[in-house]
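Quantities reported herein were computed from a predicted structural model and do not represent experimental measurements. Whatever order the structure lists ligands and atoms in, that order sets their numbers, starting from 1. We number each residue from 1, following the sequence as shown.
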Amino acid sequence: MRGAVLYGPRDVRFEERDTPRIIKSTDAIIRISATCVCGSDLWPYRGISPVRQPTPMGHEYCGIVEEVGSDVRAIKPGQFVIGSFFASDNTCPNCQVGYQSSCQHTEFVGTAQAPVLRVPLADGTLVATPDVPPDNLIPSLLALSDVMGTGWFAADAANVKPGSTVTVVGDGAVGLLAVLSAKQRGAERIIAVSRHPSRQKLASEFGATDIVTERGDEGVARIKDLTHGVGADAVLECVGTQESMMQAIQSTRRGGYVAYVGVPHGVELNGETLFYAHVHLHGGPAPVRRFLPKLVDLVWNGKINPGKVFDLTLPLEQVAEGYRAMDERRAIKTLLRP
Ligand SMILES: [Zn+2]
């Protein structure tokens, strides 16, 4: 089969790779219906995270189960399934408290930009839909694999509840879906921080009530203005830079919550600033698996349409153009069809 391989900065190739097969008795092999390029794929693509050797890419996936190992019980060939980028057994102590992305037996699922994928710990990792979905649901189901699950975790970790005032820092796919998540959880006011007209528009469609274009200290001042000088109850940080993290912490009201789901690059927190900020701080790699059953239900019943973040769809063989379009900010998120 042919799949995506990253060789170095801005060098993604679509080339021959070994077709995955069952290695452990708990594995499943799935035929990918759709995969995509993640904002976090751009860190190595841009050379900010070093690429030491040719690396297969992709960690968002959904598709049809082709084969399962001899110890797989719940997942069956023919089912349409979605899984997270971290495989999890869903039984260890970390999984049982809802932190499947810290599973004691976790493995990263990182070769999904391909027609066929091996998923470890299939019973714990994969969630099957009620039936094989119609084609128009596939983008929204694919979004659950990472970006929607991550946006939802941000809202959950920041204790967003009916009536909350929420600020979302970041207008990538995760930020936009954090807006959708906050809306779905009943937030009354949602302030989206975004400078890009097309992203502001989608944020508004997803439920943003206010848009702030300023960043850093100016952004903090604008958010304070909009919240009677108090700050937001919940701030969802979906970028991962020093500036976005500090904007998030300083935009939060005393006793409020900051959730951070942007992978940090060079973020350092000052202990004294943190001490006097008086905020709850919680984040990390989203335990997407915890939320998958609920999110599948919401998509299946037409309650949410997170697939709207895909504004470019390409055949998988044009994966390099998919990265380029996101790198150049011509696309919010690229969906790839094998
Ligand atoms: Zn576990």
field: salt bridge (Lys or Arg N to Asp or Glu O under 4.0 Å) against D311, all qualifying residues, sequence neighbours excluded
entry: none
- prompt: Taking only residues two or more places apart in sequence or in another chain, which ones pass salt bridge (Lys or Arg N to Asp or Glu O under 4.0 Å) with D156?
  reply: R185, R290
message: Show, in sequence, the C-alpha distance, side-chain angles and deciding distance for N159 and H280, and conclude whether the side chain to side chain donor-acceptor pair (under 3.5 Å) test is met.
response: CA-CA 10 Å; N159 193 36; H280 300 76; over 6 Å; no
- line: salt bridge (Lys or Arg N to Asp or Glu O under 4.0 Å) filter on R330, not counting sequence neighbours, yields E321, E328
Residue H196 excluded, over 12 heavy atoms near NE2 under 6.0 Å: yes
- request: Among V81, D146, T111, V119, find the one that has a side-chain contact (heavy atoms from CB on, under 4.5 Å) with Y61.
  value: V119
Neighbouring protein N, O or S atoms of the Zn ion (ligand 1) [cut-off: under 2.8 Å, no waters]: D89 OD1, C92 SG, C95 SG, C103 SG
